[in-house]
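Reviewing the structure listed below.
Since this is a predicted model, take the numbers as computed values, not measurements. Naming convention: chains lettered A, B, ... in sequence-line order (proteins, then strands); numbering from 1 in each chain. All heavy atoms count here, side chains included; hydrogens, waters and symmetry mates do not.
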Amino acid sequence: MTLDSGQVFHWEKAGVGFLGAIGERAVYVEQRGDLLETTCDKALAGRYFALDHPLAEICASFPNDAPMNAARDFCCGLRMIRQPKWECLATFVCSSMKQVAHIRQISMKLRERFGAQRQIEDHVVYTFPTAQRIAASSEKELRECALGYRAKNLLATARQVASGDIDLETLAELSDGDLRVRLCKLPGVGAKVANCVMLFAYERLRAFPIDVWIERVLRQRYFPRARKLNAARLRTFTQEYFGSHGGYAQQYLFHHARKTNTKLKRKRAAFVTISGVR
DNA sequence: CTCCAGGGATGAT
DNA sequence: ATCATCCATGGA
C-alpha cells in the first residue's frame with residue numbers, strides 16, 4: 001500500500017516483495033502479515049518506512065466523515081515514508097503535470113543514467129543521483145530523460161543544492177512556514193511540491209499537498225456546489241479541518257481516489273449508437 | 001486518434 | 001490579489 005501510493009517512484013515488484021533502494025543501499029523488502037522482512041539493516045528499513053509512527057492513533061485522529069472513513073478503510077497500513085531530502089525534492093520537481101506512471105519513468109531514467117549501480121542477488125538497482133551529479137549534467141542530457149520543460153528547473157535547483165547555496169539538512173530546523181518559504185525559492189518548487197517535500201522528507205505530517213486529485217475530492221465530497229472556492233479558501237479549510245496529521249489524511253484521500261477512480265473524473269458526454277444513418 | 005497528468009512561472013486584469 | 005497561458009511528454 002505504501003510503495004504504491006505515489007510517494008516514491010522507484011520500487012519494483014519482485015516476487016511477493018519489492019526491490020529498490022533506500023538511500024545508497026539496494027534493498028529487497030517483503031511484508032508477511034504484520035512483519036516486514038528486509039535484506040538491509042533493520043534500523044534503516046524501520047526508519048525509512050516509519051514503522052515507529054503510531055498508525056492506529058494517527059488514523060483515529062482523522063475527521064469522522066464519509067470520504068475520510070472510506071479512505072481510511074481502503075488504505076489500511078499506509079505510512080508516510082521518510083525519504084532522503086534531495087531525492088524527494090528532485091523527484092517532485094520533475095512531477096509537475098505528470099501522471100504517476102510517467103514520474104516513475106523519469107525517476108528510473110535519472111537513476112540509470114546518473115545514479116550508482118548496485119547489485120542485489122541477481123538483480124541490478126540504481127541509487128538516486130546526487131545533486132552534484134545532476135548539477136554536473138546538462139539540460140540536454142536531462143531532456144533525454146523525458147523531463148521536457150522540467151529539465152531547466154531540475155538543473156537550476158541541483159546547482160543551488162550542490163553549490164551549498166542552500167543546505168537541505170539544516171532546513172530541518174526551520175518552522176513549517178519558514179521551511180515552505182525557503183523551498184518555494186527553488187526553481188520548479190511551488191506550494192504543492194514544497195508541501196510534498198515537507199511531508200515526505202521533513203516529517204511535517206501537517207503538510208497538505210493539493211494536486212488535481214485532492215482538489216477534485218475536496219470540491220466534490222466536501223464542497224458540493226460551492227461558489228468561489230479559491231486556492232486560499234481550500235488551503236485554510238484543509239489546515240483547520242484535517243489538523244495535525246493532515247498530511248496522512250491527504251495521502252489516504254489521494255490514494256483512495258486514484259485507485260478507486262469512481263465518480264471523480266469529469267463526466268463525459270453519454271453517446272448512443274444509431275445504425276442505418278447512411 | 002484525443003485527453004490529461006501529484007504545477008510553476010509569467011504576464012494580464 | 002485572482003485568472004489565463006504556456007510549457008513537453010507519453011500513458012491511458
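For the side chain to side chain contact (heavy atoms under 4.5 Å, CB included) test, residues two or more places apart in sequence or in another chain that qualify with A/R180 are A/C184, A/A194, A/N195, A/M198.
Among the nucleotides C/dA8, B/dA5, C/dT2, the one closest to any side-chain atom of A/R150 is C/dA8. For A/K98, whose side chain is taken as the heavy atoms from C-beta onward, the closest listed nucleotide among C/dA12, C/dT9, B/dG7 is C/dT9. The side chain of A/Q99 sits closest to C/dG11 out of C/dG11, C/dT2, C/dC7. For A/R216, the listed nucleotide lying nearest its side chain is B/dA5; candidates were B/dA5, C/dT9, B/dG7.
The side chain of A/Q105 contributes an N or O atom lying less than 4.0 Å from OP1 or OP2 of C/dG11.
Rounded to a whole Å, the CD atom of A/E144 is 16 Å from the P atom of C/dA8. Rounded to whole angstrom, the span from the CG atom of A/L186 across to the P atom of B/dG8 amounts to 12 Å. Between A/L229 atom CG and C/dA1 atom P the separation is 19 Å, expressed in whole Å. Rounded to whole Å, atom C1' of B/dG8 lies 7 Å from atom OH of A/Y149. The distance from atom CG of A/N230 to atom P of B/dT13 is 21 Å, rounded to the nearest whole Å. In this structure, A/L234 atom CG and C/dA1 atom C1' are separated by 16 Å, rounded to whole Å. In this entry the distance linking CG of A/L89 with C1' of B/dG8 reads 14 Å, nearest Å. Between the CD1 atom of A/I103 and the C1' atom of C/dT9 there is a distance of 12 Å, given to the nearest Å.
Nucleic acid contact class of A/R143 (heavy atoms, under 4.0 Å, all strands): sugar-phosphate only. As judged by a 4.0 angstrom heavy-atom cut-off over every strand, A/T91 is placed among residues making no nucleic acid contact. Residue A/E215 is out of contact with every strand shown, counting any heavy-atom pair closer than 4.0 Å. Contact annotation for A/L147: no contact, since no heavy-atom pair falls under 4.0 Å across all strands. If you check every strand for non-hydrogen atoms under 4.0 Å, A/G6 touches a base.
Here C/dA12 sits opposite B/dT2 as a Watson-Crick or G-U wobble pair (both hydrogen-bonding atom distances under 3.5 Å). The nucleotide C/dA4 finds its pairing partner in B/dT10, both defining distances of the Watson-Crick or G-U wobble pair being shorter than 3.5 Å.
Between A/Y248 and A/H53, the ring planes are perpendicular. Angles over 60° get that label, and only those under 30° would be called parallel.
Between A/F200 and A/F92, the ring centre distance stays below 6.0 Å. Checked against the 6.0 Å centroid threshold, A/F208 and A/F242 count as a close aromatic pair.
Rounded to a whole angstrom, the distance from the P atom of B/dG11 to that of C/dA8 is 16 Å.
Residue-to-nucleotide proximity on DNA chain C shows that, of A/A232 and A/A146, the 5′-proximal contact is made by A/A232. The nearest heavy atom of DNA chain B to A/K192 and to A/G188 marks one nucleotide each, and the one closer to the 5' end goes with A/K192.
In the hydrophobic cluster analysis, where Ile, Leu, Val, Met, Phe, Trp and Tyr join through side-chain heavy atoms closer than 4.5 angstrom, A/Y241 is grouped together with A/L229.
Here the CZ atom belonging to A/R204 is positioned 7.0 Å from the CG atom belonging to A/L174, to the nearest 0.5 angstrom.
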